[in-house]
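Pasting in a structure now, in structure tokens, and then I'll have a few things to ask.
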Amino acid sequence: MAEQSEKWVLMVTAQTPTNIAVIKYWGKRDENLILAINDSISVTLDPAHLCTTTTIAVSPSFNQDRMWLNGKEISLAGGRYQSCLREIRARASDVEDEKKGIKITKNDWQNLHVHVASYNNFPTAAGLASSAAGFACLVFSLAKLMNVQEDNGRLSAIARQGSGSACRSLYGGFVKWVMGKEENGSDSIAVPLVDEKHWDELVIIIAVVSSRQKETSSTSGMRETVETSALIEHRAKEVVPKRIIQMEEAIQNRDFPTFAQLTCADSNQFHAVCMDTSPPIFYMNDTSHRQVAYTFDAGPNAVMISRNRKAATLMLQRLLFHFPPNSDTDLNSYVIGDKSILKDAG
Ligand code: DP6
């Protein structure tokens with residue numbers, strides 16, 4: 001790096017979709033490392049509708065790490081951002097851009113600062129897993145910029161330290177976050193179950209009931225649940241382990257009735273555990289309750305998964321008839337997503 005002028009800037013851009021859990025993660029056994037109390041399974045969505053696009057620039061003229069989310073500067077002081085930056089910097093390798101005459105060594109990365117600009121094409125923090133896409137994209141693009149030679153499984157363990165659900169967005173298709181056993185979290189990683197082509201008839205419809213920021217964040221909500229709910233231990237130890245096995249089988253066999261039954265049951269139990277929290281947490285509102293086939297995350301928006309495009313079209317027709325957006329139903333819009341994989345955009 002020494003021979004170059006201070007003027008150069010090197011940039012990368014990446015795009016990462018969000019994911020929707022069909023067997024939910026709720027509860028941590030380690031708050032700092034973000035280690036879950038149960039395995040979870042999710043489906044990664046098509047980046048066309050629900051994704052984060054992140055551009056990261058590095059230059060010797062930057063004197064501190066900075067980040068802008070949807071155009072507004074945010075603080076990187078939090079432990080989650082710092083963990084991701086630290087873990088990626090520790091794995092950085094040499095980078096050479098002959099055209100620009102830039103040479104950055106492994107050691108240079110420890111002193112270079114980055115500027116991060118991140119955009120969500122969907123409501124941030126409204127229960128549509130914006131932190132999942134956000135941290136997955138941050139880690140993926142940092143790794144690309146700093147030439148980190150690790151597979152997506154290892155990167156998922158870093159994204160996990162940004163937000164638990166983020167680890168699952170490093171892969172497309174159906175993905176399992178294995179909670180792991182190690183105290184240092186080394187085995188708490190995302191594992192791809194089947195790729196996005198395996199069950200490509202599935203269509204996901206999200207009824208955006210509210211794009212307002214939710215009142216209880218997932219982080220504080222699950223902390224309160226672990227501290228106060230008597231049901232959560234039963235869920236984590238007895239119910240979820242069995243459901244994970246059944247869900248993996250249903251996905252492998254493309255068994256829609258079993259898949260739908262497990263998805264709805266897990267969404268119901270997740271919200272039951274929220275209600276069993278003291279004080280109780282309500283993520284759904286009256287509009288959410290009126291939807292039919294569903295999974296709800298930590299927000300009021302309904303995620304509906306239908307068997308194929310024909311069924312999705314019929315469902316959407318009915319939804320539009322009964323719950324037209326921007327009417328007195330409080331519904332904003334519908335987002336239709338296919339399953340997809342993360343996309344390297346630059
Ligand atoms: C209900 O991953 O947002 O969406 O790890 O504290 O950042 P933190 O929580 P987060 O929680 C997601 C909870 C959920 C279920 C899920 O995605 O599995």
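Computed over heavy atoms, backbone and side chain alike; hydrogens, waters and symmetry mates excluded. Whatever order the structure lists ligands and atoms in, that order sets their numbers, starting from 1.
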ask   = Can you tell me if CD on Glu233 sees more than 12 non-hydrogen neighbours from other groups inside 6.0 Å?
value =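 No - once you tally the heavy atoms of other residues, nucleotides and ligands closer than 6.0 Å, there are 12 at most.
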
message = Side chains of Ile102 and Val95, heavy atoms from C-beta outward: is any pair under 4.5 Å?
response =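 The answer is no; the side chains never approach within 4.5 Å.
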
query = At a 4.0 Å threshold, what atoms of ligand 1 neighbour a non-hydrogen atom of Phe270?
reply =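 Taking each heavy atom of Phe270 in turn, ligand 1 has 1 (C) under 4.0 Å.
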
Close-contact set for ligand 1 against Ile34 heavy atoms, below 4.0 Å = 5 (O)

task = Answer with yes or no whether Arg160 contacts ligand 1, where contact means a heavy atom under 4.0 Å from a ligand atom.
result = no

query = Mind checking whether Val239 and His234 have side chains closer than 4.5 Å, heavy atoms only?
reply = yes

ask   = For ligand 1, which atoms have a heavy atom of Lys28 less than 4.0 angstrom away?
value =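 That gives atoms 5 (O), 6 (O), 8 (P) of ligand 1.
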
query = Hey, mind stepping through Ser59 and Ser61 against side-chain hydrogen bond (donor to acceptor under 3.5 Å, both in side chains) and telling me if it holds?
reply = CA-CA 5 Å; Ser59 169; Ser61 58; 2.8 Å; yes

key: Side chain, backbone, both or neither: Ala21 near ligand 1, heavy atoms under 4.0 Å   = side chain

request  = Could you list the atoms of ligand 1 found under 4.0 angstrom from a heavy atom of Gly164?
outcome  = 2 (O), 5 (O), 7 (O), 8 (P)

key: N-O pairing of Asp39 and Lys24 below 4.0 Å   =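 Salt bridge absent between Asp39 and Lys24.
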
ask   = Got a salt bridge between Lys181 and Asp187, using NZ or NE/NH1/NH2 to carboxylate O under 4.0 Å?
value = no

key: ligand 1 contact on Ser131 by region, counting heavy-atom pairs under 4.0 Å   = side chain

inquiry  = Ignoring hydrogens, what is the shortest heavy-atom contact between Ala272 and Leu231? Give both atom names and the distance.
reply    = O-CD1, 4.3 Å

request  = Could you say whether the N/O atoms of Ser163 and ligand 1 ever approach to under 3.5 Å?
outcome  =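 Between Ser163 and ligand 1 (N or O atoms, distance only) the closest approach is under 3.5 Å.
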
ask   = Lys24 to ligand 1: N or O pair under 3.5 Å?
value = no

key: N or O pair under 3.5 Å between Asn19 and ligand 1   = no

ask   = Relative to the heavy atoms of Met222, which atoms of ligand 1 are at a distance of less than 4.0 Å?
value = 9 (O), 11 (O)

task = Find the distance between CD (Gln269) and CG (Asp276) and round it off to the nearest 0.5 Å.
result = 10.5 Å

ask   = What part of His271, side chain from CB on, backbone N/CA/C/O, both or neither, has a heavy atom under 4.0 Å from ligand 1?
value =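 His271 to ligand 1: no contact under 4.0 Å from either part.
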
